Amino acid sequence: NSMTSIDLDIITGKEAIFAHNDIRSLQITQISVQIEYLDLSYCKLESLPEDLQFKLPSLKQFYLQGNRLFSMPDLRSLHYLKELNLGDWIGGNQLRALENLPNGLKRLSVCNNQLEWISLPVGLEYLDASFNLLTFMPPTNRALRELRVCGNKITHIPTRFYQTTRNLTFLDVSMNELVERVHEIPGVAVYQENQRTQRTGKRQPDSLFSLCMEACMREHIKAVPFY
């Protein structure tokens, strides 16, 4: 569609869906207590209002994948926010760092960005940071249950990681640059293969599309803990 800007002050319902538009700017001049679901995915946004957290205090689900965002405003005051999508298997953003997220956030997807740094809220249960530029494991918390960081540049998994992921059930660290295999973690399904081989043991070339599709398939496979 050809919509290039949107004023959220005109929204009267709980859901606001503007996905797949040419929206370049977002305007919020008044506090909107009714909006709980906001979908601005696959638009052309390059920035968000700095005071967004105060203008949308009731927001619970926020979808921004497929835009051109270089940074995110402080969202720590969005106490009801449970799900934030900043990137999926089709499109992400241009984020290099991500922090200042609300502690009540449960699900965070930030695939296909350029992340070099990420700070996780204490209550996060699901993180997908696949296909970024991370060189280290994200600092985790005890609430985390699923962690997907495939397609990064991670070389080591620190000992502290194994001590702070008590509730983890699924871990995907495939397509990284790990110099050693992941230690066995009781109760956790781990995917860590960095390359596919034939019987000759030689690596076979994979296109980025096939790697993404393989990872996408794993996204829909329920992790079953090992005992």
Side-chain angles (χ1 to χ4, degrees), residues 65 82-90 92 95 97-99 101 103 105-227:
Q65 67 270 31
K82 302 301 180 185
E83 182 173 359
L84 177 61
N85 193 325
L86 295 168
D88 58 22
W89 301 105
I90 300 175
L95 301 174
L98 184 60
E99 55 186 352
L101 299 173
N103 284 330
L105 189 67
K106 299 299 182 184
R107 294 181 61 89
L108 173 61
S109 180
V110 64
C111 303
N112 283 309
N113 277 264
Q114 299 180 27
L115 282 185
E116 298 176 352
W117 165 258
I118 184 171
S119 178
L120 305 186
V122 297
L124 195 69
E125 297 178 356
Y126 174 96
L127 171 64
D128 192 342
S130 302
F131 299 103
N132 278 283
L133 301 174
L134 295 172
T135 58
F136 58 90
M137 292 292 287
T140 53
N141 56 59
R142 296 181 184 277
L144 198 64
R145 299 184 62 83
E146 293 190 35
L147 176 58
R148 303 170 188 271
V149 288
C150 67
N152 279 278
K153 298 179 179 296
I154 298 169
T155 57
H156 294 84
I157 298 181
T159 302
R160 186 173 183 275
F161 172 82
Y162 300 101
Q163 301 170 346
T164 57
T165 51
R166 301 290 178 83
N167 292 314
L168 197 67
T169 60
F170 185 87
L171 173 63
D172 187 350
V173 290
S174 60
M175 291 177 275
N176 275 282
E177 300 175 6
L178 295 174
V179 297
E180 60 182 18
R181 294 185 66 82
V182 180
H183 298 172
E184 182 178 349
I185 311 174
V188 181
V190 179
Y191 195 95
Q192 60 181 315
E193 297 303 324
N194 289 331
Q195 59 187 39
R196 283 189 273 178
T197 58
Q198 291 185 338
R199 292 183 180 180
T200 59
K202 296 181 179 179
R203 181 174 181 174
Q204 303 302 310
D206 289 312
S207 67
L208 179 59
F209 176 77
S210 66
L211 293 176
C212 288
M213 287 302 295
E214 180 180 327
C216 190
M217 289 297 294
R218 293 198 299 277
E219 168 71 17
H220 298 286
I221 297 176
K222 181 176 178 59
V224 179
F226 296 141
Y227 294 100

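All figures in this text were calculated on a predicted structure; none of them were measured in a lab. The basis for the numbers below is simple: all heavy atoms, side chains too, and nothing from hydrogens, waters or symmetry mates.
Separation of atoms CD1 (I154) and CD (E177) is listed at 9.5 Å; rounding is to 0.5 Å. R107 CZ to E125 CD: the interatomic distance, rounded to the nearest 0.5 Å, is 9.0 Å. Here CZ of R142 is found 9.0 Å from OG1 of T165. Values are rounded to the nearest 0.5 Å. Taken from CG in N113 to OG in S130, the straight-line distance is 11.5 Å, to the nearest 0.5 Å. Interatomic distance, OG1 of T155 versus CZ of F136, reported as 11.0 Å (0.5 Å rounding). Atom CZ of residue R145 and atom OG1 of residue T169 lie 5.0 Å apart, to the nearest 0.5 angstrom.
Taking the side chain as every heavy atom from C-beta outward, V149 and F131 never approach each other to under 4.5 Å. In this structure the side chain of Y126 reaches within 4.5 angstrom of the side chain of R148, judged on heavy atoms. Put simply, the side chain of L124 does not reach to within 4.5 Å of the side chain of L101, judged on heavy atoms. Residues V173 and M137 meet the side-chain proximity criterion, which asks for heavy atoms closer than 4.5 Å. Within the 4.5 Å cutoff, no side-chain heavy atoms of D128 are placed close to those of V110. When side chains are defined from C-beta on, Q192 counts as touching R181, because their heavy atoms get closer than 4.5 Å.
In terms of modelled atom types and a separation under 3.5 Å, the side chain of S109 and the main chain of G87 share a donor-acceptor contact. Between the side chain of Y162 and the backbone N or O of H183, at least one donor-acceptor pair lies under 3.5 Å. Side-chain atoms of N152 come within 3.5 Å of backbone atoms of A129 as a donor-acceptor pair (strictly under, hydrogens ignored). Between the side chain of S174 and the backbone N or O of Y191 there is no donor-acceptor pair closer than 3.5 Å. Side-chain N or O atoms of N141 include one that pairs as donor or acceptor with a backbone N or O of P121 at under 3.5 Å. Judged by distance alone, with hydrogens and angles left aside, the side-chain atoms of D172 form no donor-acceptor pair with the main-chain N or O of C150 at under 3.5 Å.
Closest heavy-atom contact between L144 and L147: CD2-CB, 3.9 Å. Taking all atoms of both residues into account, the shortest heavy-atom contact from L133 to Q114 is CD1-O, 3.9 Å. Minimum heavy-atom separation, N176 to K153: OD1-N, 3.3 Å. In plain terms, the two heavy atoms of N112 and N132 that are nearest each other are N-ND2, 4.1 Å. Contact record, V179 with H156: CG2-NE2, 3.3 Å, taken as the closest heavy-atom pair. Closest approach of S119 to E99, counting heavy atoms only: CB-CB, 4.0 Å.
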L168 vs F161, side chain to side chain contact (heavy atoms under 4.5 Å, CB included): CA-CA, chis, key distance, verdict: CA-CA 11 Å; L168 197 67; F161 172 82; 4.0 Å; yes
Worked verdict on I118 versus L127 for side chain to side chain contact (heavy atoms under 4.5 Å, CB included): CA-CA 11 Å; I118 184 171; L127 171 64; 4.1 Å; yes
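For the residue pair T140 and T164, a side-chain donor N or O sits within less than 3.5 Å of a side-chain acceptor on the partner.
Within a 6.0 Å sphere centred on CD of Q163, other residues, nucleotides and ligands contribute more than 12 heavy atoms.
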